[in-house]
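Notes to accompany the following structure.
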Amino acid sequence: MTDEKDALKNDESKPLNFIEQIVEEDLKSGKHGGRVQTRFPPEPNGYLHIGHAKAICLVFGIASEYGGKCNLRFDDTNPITEDTSYVDAIRKDIKWMGFDWEDREFYASDYFDQLYEFALKLISKGKAYVCQLSAEEVNATRGTDFEPDQPSPYRNRPIEENLDLFRRMKNGEFPNDSMTLRSKIDLASTNMQMRDPILYRIRHAHHHRTGDKWCIYPMYDWAHGQSDSIEGITHSLCTLEFVPHRPLYEWFIQELEIFPSRQIEFARLNLSYTIMSKRKLLQLVTEGHVSGWDDPRMPTLHGLRRRGYTPASIRAFTELVGIAKRENVIDVALLEFCIREDLNKIAPRVMAVLNPVKLIIDNYPVGQTEELETVNNPEDESAGKRKMPFSRELYIERDDFMEDPPKKYFRLSPGSEVRLKSAYIIKCESVVKNFDGLITEIHVTYDPSSHSGSAEAQRKVKGTLHWVSTPHALDAEVRLYDRLFSDPDPDGHKEQNFKEFLNPDSLTVLAHCKVEPSLKYANHLDHLQFTRLGYFNVDPDSTPERLVFNRTVGLKDTWAKQNT
RNA sequence: UGUCCUGUGGUGUAACCGGCAACACGUCUGAUUCUGGAUCAGAAGAGUCCAGGUUCGAGCCCUGGCAGGACAACCA
């Protein structure tokens with residue numbers, strides 16, 4: 001991991017993204033004494049997804065690239081949506097991605113006391129007031145783009161009274177929603193965020209960390225920037241939707257005279273055919289469209305992990321998508337490219353027949369079995385070899401045989417010769433069909449001198465087929481996942497509409513898959529490549545009695561064109 | 001009808017102090033046959049949102065438009 005980062009840093013040909021440029025300028029000018037400190041600030045109200053992975057790689061990456069540190073800080077200011085189960089899931093995901101926040105695990109709720117003191121300071125300066133308007137009433141005072149808001153009747157409440165009321169708010173003397181603390185900024189600002197934003201609301205709710213200590217909770221704007229300052233964050237990286245909040249972020253820093261963290265925004269990741277909105281993902285879970293946050297079809301890190309994605313492939317992906325400020329939609333094909341590229345190197349090749357048809361070798365002795373050696377991974381010699389049982393009856397893929405083949409069909413057909421992977425060259429002699437005309441047996445003869453690896457075996461044949469020995473084959477269940485949504489941009493649709501694009505065929509279970517016997521106790525194997533079917537992992541529910549495999553990603557779909 | 005952000009091949013990201021628009025994915029073509037849908041070789045595809053201006057020279061600087069996005073939660 002560290003080596004990888006160092007290599008990146010030393011790669012002069014790699015252009016700097018705009019954030020790296022900012023950091024380097026700051027370093028050059030000696031800002032903050034050359035210190036770089038970032039943070040990853042998730043709200044524990046959902047699972048992390050591939051979009052968060054981009055942010056994680058960015059903030060941890062920037063820190064390590066410039067000799068800094070990155071904190072993990074849970075933005076837990078809203079007790080009614082947050083939960084410790086999410087905290088645990090988020091921690092697990094960041095570790096899985098390969099990043100380490102060491103002992104710097106913080107919580108915005110750690111700063112509630114400090115934040116309260118800050119609020120008292122703001123009130124004392126006459127820059128905040130306790131407002132007793134209801135949410136509806138506040139809305140009614142809102143102006144328009146070119147009309148200022150009407151001032152709250154409580155806007156000019158005396159400082160002492162504000163201090164008293166705010167203390168009593170904190171002490172629980174008032175019911176939920178009865179009053180708020182608002183900052184006093186500029187009701188005519190063209191930036192809506194500056195029109196007396198709310199700092200605190202009353203919530204008599206149990207918090208997953210502070211319990212019942214507090215009944216007033218800070219809003220995002222009041223908590224986030226100040227938490228950055230408290231931690232001495234030098235570069236506070238966030239997504240574009242917070243751009244209009246930056247003036248407020250800076251206003252608080254100036255008024256409170258605290259550490260000047262700088263907020264820098266970048267464009268969030270969007271993936272085609274994929275939903276990233278946490279709210280919508282939650283809906284998929286709660287309404288039962290998926291089995292949970294870790295459903296293999298979910299874009300969550302938990303889902304991707306269960307599906308067989310590797311952290312390295314996701315890191316490579318975030319590197320490829322880059323960092324910029326323009327809205328973007330990344331083609332899922334790029335993510336799939338990254339996982340194929342990774343798995344191609346590490347996944348052992350295994351024989352599996354999805355749609356089997358029997359192949360009988362007429363001149364092979366009845367009852368004989370031999371063990372043939374085959375390489376586990378042609379891309380990686382250190383992966384070693386294994387034995388495959390071979391016998392008179394085999395299964396091959398039904399579409400690897402054609403009775404009446406087109407010109408460039410290089411697989412098996414009447415009279416043609418092909419090689420059985422790691423075994424012998426065979427020649428098709430005849431076929432047996434049932435009443436419906438369906439082929440039930442293919443009869444072939446084999447060339448005993450064409451054993452894989454022998455001198456005679458140098459003879460060229462047109463095609464190579466994968467196979468499994470019928471008496472030795474294991475039954476397995478293979479899950480092929482299609483995309484969850486049929487629309488390229490389901491996230492672009494507002495509100496409920498995204499559900500119209502749910503793909504009813506997103507999960508297909510195929511029984512009757514035949515796999516080679518070496519997979520009986522394959523649970524320890526993380527990744528496999530089933531010949532021509534794609535990359536798979538072993539489902540956590542799999543047992544030796546019931547083998548279940550998830551397809552991580554299919555192989556690149558050019559088979560039809562190659563037709564060989 | 002406001003403020004802010006952003007406009008570069010199909011997608012994404014580059015292009016130093018203005019100097020022949022590059023890389024990756026995707027697409028296509030060819031080679032290759034013990035599977036590797038890999039690999040190798042090659043091709044097509046943008047003249048940088050538009051219109052002016054400055055300049056020997058503009059994706060980059062200036063002016064004016066246009067388009068897309070964000071912002072009007074007691075969410076973050």
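We name chains A, B, ... by the order of the sequence lines, and we start the count at 1 in each one. Quick note: numbers below take in every heavy atom, side chains included, and nothing from hydrogens, waters or symmetry partners. Bear in mind the structure is a predicted one, so any value in this text is a computation, not a measurement.
When heavy atoms are screened at a 4.0 angstrom cut-off, A:Asp177 is found touching base atoms of the nucleic acid. Looking at heavy-atom distances under 4.0 Å, A:Leu133 makes contact with a base. At the heavy-atom level, A:Met179 lies nowhere under 4.0 Å from the strands shown. Using a 4.0 Å heavy-atom distance criterion, A:Val375 is classed as making no nucleic acid contact. Using a 4.0 Å heavy-atom cutoff across all strands shown, A:Ala324 reaches sugar-phosphate atoms only and no base atom. Among the atoms of the strands shown, none is found under 4.0 Å from any heavy atom of A:Glu336. Residue contacts shown for A:Phe242 include a base, since a base heavy atom lies under 4.0 Å away. Within the nucleic acid shown, A:Ser134 comes within 4.0 Å of at least one base atom, counting heavy atoms only.
Pair assignment for B:A14: none, as no Watson-Crick or G-U wobble contacts are both less than 3.5 Å. Judged by Watson-Crick or G-U wobble contacts below 3.5 Å, the nucleotide B:G19 has B:C56 as its partner. Of all nucleotides present, none satisfies the Watson-Crick or G-U wobble test against B:U33 with each distance under 3.5 Å. Look at B:G42: its Watson-Crick or wobble partner, with both distances under 3.5 angstrom, is B:C28. When both pairing distances are held under 3.5 Å, B:C4 makes a Watson-Crick or G-U pair with B:G69. The pairing partner recorded for B:C75 is none, the criterion being a Watson-Crick or G-U wobble arrangement whose two distances lie under 3.5 angstrom.
Between A:Tyr47 and A:Trp293, the ring planes lie parallel to each other; the angle is under 30°, not in the 30° to 60° tilted range. Under the 30°/60° scheme for interplanar angles, the aromatic rings of A:His207 and A:Tyr217 are found to lie parallel. Ring geometry for A:Phe106 versus A:Tyr111: interplanar angle of 30 to 60°, hence tilted.
Side-chain proximity of A:Thr190 to B:C25, B:U3, B:G12: nearest is B:U3. Checking B:U11, B:A76, B:G36 against the side-chain heavy atoms of A:Asp331 singles out B:U11 as nearest. In this structure, of B:C75, B:G12, B:G36, it is B:G12 that holds the atom nearest to the side chain of A:Asn328. The side chain of A:Asn78 approaches B:C75 more closely than any other nucleotide in the set B:A38, B:C75, B:G36.
Using a 4.0 Å cut-off between a side-chain N of Lys or Arg and a carboxylate O of Asp or Glu, A:Asp221 and A:Arg246 do not qualify as a salt bridge. Salt bridge status for A:Asp110 with A:Arg209: present, with a side-chain N to carboxylate O gap under 4.0 Å.
At B:G36, none of the side-chain N or O atoms of A:Arg340 fall inside 4.0 Å of OP1 or OP2 (strictly under the cut-off). When the side-chain nitrogen and oxygen atoms of A:Asn139 are compared with OP1 and OP2 of B:A73, one or more of them lie within a distance under 4.0 Å. The shortest distance between the side-chain N/O atoms of A:Arg201 and the OP1/OP2 oxygens of B:A76 is below 4.0 Å. Taking 4.0 angstrom as the limit, A:Lys385 places none of its side-chain polar atoms (N or O) nearer than this to OP1 or OP2 of B:C34. Considering only side-chain N and O atoms, A:Arg195 lies nowhere under 4.0 angstrom from the phosphate OP1 or OP2 of B:C71. For the pair A:Arg203 and B:C75, the criterion of a side-chain N or O lying under 4.0 Å from OP1 or OP2 is met. Under 4.0 angstrom from either OP1 or OP2 of B:G36 there lies at least one side-chain N or O belonging to A:Arg349.
B:A58 and B:C16: their P atoms are spaced 16 Å apart (whole Å). For B:C5 and B:G64, the P atoms lie 15 Å apart once the distance is rounded to whole Å. Comparing the same atom, P, in B:C25 and in B:A43 gives a spacing of 15 Å after rounding to whole Å.
For the pair A:Lys421 and A:Trp467, the cation-pi test (distance below 6.0 Å, angle within 45°) is failed.
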Handout entry: Step-by-step salt bridge (charged side-chain N to carboxylate O under 4.0 Å, His left out) determination, A:Arg262 to A:Asp228
Key = CA-CA 9 Å; A:Arg262 175 176 173 188; A:Asp228 282 345; over 6 Å; no
